[in-house]
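Since the structure is predicted, the reported quantities are computational estimates derived from the model, not experimental observations. Position 1 is the first residue of the sequence, and the numbers go up from there. Order of listing sets the numbers, starting from 1, for every ligand and every atom in it.
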Amino acid sequence: MEVRVRYAPSPTGLQHIGGVRTALFNYFFARSSGGKFILRVEDTDRTRYSDESLQDLYDTLDWLGIKWDEGPVVGGPCGPYIQSERLGIYQKYAKDLVDRGLAYYCFCTSERLEALRKEQEATHSPHVGYDRHCRDLDPQEVRRLLDSGLKPVIRLKVPAEGSTTFHDILMGDITRENSDISPDPVLLKSDGFPTYHLANVIDDHLMGITHILRAQEWIPSGPLHVILYNAFGWTPPVYCHLPMVMGSDGQKLSKRHGSTSVRDFRAKGYLPEALLNYVTLVGWSYDDKQEFFSREELEKVFTIDKINKAPGVFDYRKLEWFNGQYIRQRSDASLAEAVKPYLKEAGLLEGLDEKTVAEKLLGVVPLVKERLKVLSDVTEMVRFVFADPQAPDAKTLCAKGHTPQQELAALERAYPVLRAGLEGGLEDAAIEENLCALAPELGIKINGVFMPIRASVTGSQVSPPLLPSIRVLGFEKTFERIERSLDTLREAVAAEGGQNG
Ligand code: GLU
Ligand code: ZN
């Protein structure tokens, strides 16, 4: 039998780590078993629906390189795949249950239900929820009410006694007393829209879904869905409720832990291949050795028997580490493309022609590749190449434990050495060696020789490797900045001298 699985999000918010994990597990399971991955949009809750969320769903899957075999946009034999376009189907099936005595019309007004709720609360009644008032209305009364133009809801007759069991391949049998199941949930609302339960069950059946991989928070709906499948005379799919995604404190992952929307991760500069790889490892592992998987590999090796029962921990630091690893795997050209939007957004590429941008980017990418954790780090690391940094003050020009006097002497000595090396065509290593040799002569540490140059050139005490940075920046700019710093140090020394004298 062909595996058919689906990702069925409700477009009521941005795609988050937990949702994407569900999508990936379904997708990889479909691919590795030669089956079909179906995307279905469960948009029947119109009060929470937003166009932005739907667009975000498409963008996110697209960014991750996840293509659906059937669903919105691409179509397929079981369409439409957007629930709000399937209302007639749900209405027909709900009516069918009423005709067979397995569901019923309820005419209760919202005022009556509200009063009922208040009363149950006030009396601490053990019965919460609907009181099944309309479950046994006389058929003639029902006719009369319908004819009078009232718009009823349709409720499911949940058996009052007995229990319902469903099997989950990870969790085993899950049994619930029918008396504990919500008394007669609404299947179809008075405006003709289905509730989640009805639409979900009908679509999984009509779309030939063989396995339901979804978050554990849906377990409580399981027994109800099984009752619905039975009512329709259908066999439920195989259930596999996925382990929870936790933060490192063992609580369900939420905004408290940090960003959870994929859009945020994308904006910070996580690579899709890193996110995809890491998120798939939250609650799934191949063996205890291999951690790095490309999408193509996962499409081959993912199996559901390797999904863990225990909750998975989403560790932000680990994701960051994965991201760094994937950044280093990218070619310089591809990384240059990837960082470009960040520099653009920071306004650093303004007034530069395409060719210059391309050259500069290819120049800086190798300098920062080793140290980038997320793409957005690039902006501050390479700002000095694209814009004049604020002239560093004397303190910034001095290495730890070195005075402005020492650094002035060092820079006065080092500048001509550097300049001669660069202009004379020496290799970086040779120039560095010449600079290092100045330290004992000046009676300072090596760091004391390099710091004023580094701070002059980059505006900061930490920078990418110095000589390669200078080459990307250009000699002229480098010399200008060093000369400016010489002035700064001279002023600082003079001011100090004035104070002392
Ligand atoms: N629309 C539900 C959601 O938002 C689908 C749950 C399910 O997979 O059955 O997650
Ligand atoms: Zn009623």
Using only heavy-atom distances, determine whether the side chains of [X] and [Y] contain a donor-acceptor pair under 3.5 Å.
{"X": "N26", "Y": "H211", "result": "no"}
{"X": "Y278", "Y": "D315", "result": "no"}
{"X": "T165", "Y": "D173", "result": "no"}

Among W218, Y7, Y196, which one puts a heavy atom closest to atom 10 (O) of ligand 1?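 Nearest option to atom 10 (O) of ligand 1, by heavy atoms: W218.
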
Looking only at protein heavy atoms, what sits closest to atom 8 (O) of ligand 1 is R6 NH1, 2.5 Å

Considering heavy atoms of the protein only, find what lies nearest to atom 9 (O) of ligand 1 and give residue, atom and distance to 0.1 Å. R214 NH1, 2.7 Å

Could you work out, with ring pair (Phe, Tyr, Trp, His ring centres under 6.0 Å) as the rule, every residue matching Y104, not counting sequence neighbours?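 In terms of ring pair (Phe, Tyr, Trp, His ring centres under 6.0 Å), with neighbours along the sequence ignored, Y104 is linked to no residue.
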
Taking N or O atoms only and a 3.5 Å limit, does A8 qualify as a polar contact for ligand 1?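 Such a contact does occur with ligand 1.
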
Enumerated ligand 1 atoms positioned under 4.0 Å from heavy atoms of N200: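 In order of numbering, the contacting atoms are 7 (C), 9 (O).
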
Could you tell me which atoms of ligand 1, counted from 1 in the order shown, lie closer than 4.0 angstrom to a heavy atom of E42?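 Within the 4.0 Å cut-off of E42, ligand 1 contributes 1 (N), 2 (C), 5 (C).
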
What side-chain donor-acceptor pairs closer than 3.5 Å can you find for residues 151-161, not counting sequence neighbours?
unit_1	atom_1	unit_2	atom_2	d
R155	NH1	D184	O	3.0
K157	NZ	G101	O	3.2

Decide yes or no on side-chain contact (heavy atoms from CB on, under 4.5 Å) for R214 and Y239, but give the supporting numbers first. CA-CA 8 Å; R214 67 179 169 202; Y239 286 101; 3.4 Å; yes

Under 6.0 Å from the ring centre and within 45 degrees of the ring axis: does the NZ or CZ of R21 meet both conditions for the six-membered ring of F25?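 The answer is yes, since R21 meets both limits relative to F25.
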
Given E70, which partner from the list R40, R4, R6, K36 fulfils the salt bridge (charged side-chain N to carboxylate O under 4.0 Å, His left out) test? R4

Identify, with sequence neighbours excluded, every residue that meets side chain to side chain donor-acceptor pair (under 3.5 Å) alongside K268.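 By the side chain to side chain donor-acceptor pair (under 3.5 Å) rule, K268 matches S259.
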
At a cut-off of 2.8 Å, list the protein N/O/S atoms near the Zn ion (ligand 2), residue plus atom name.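 Under 2.8 Å from the Zn ion (ligand 2) - ignoring waters, which are not counted - the protein N, O or S atoms are C106 SG, C108 SG, Y130 OH, C134 SG.
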
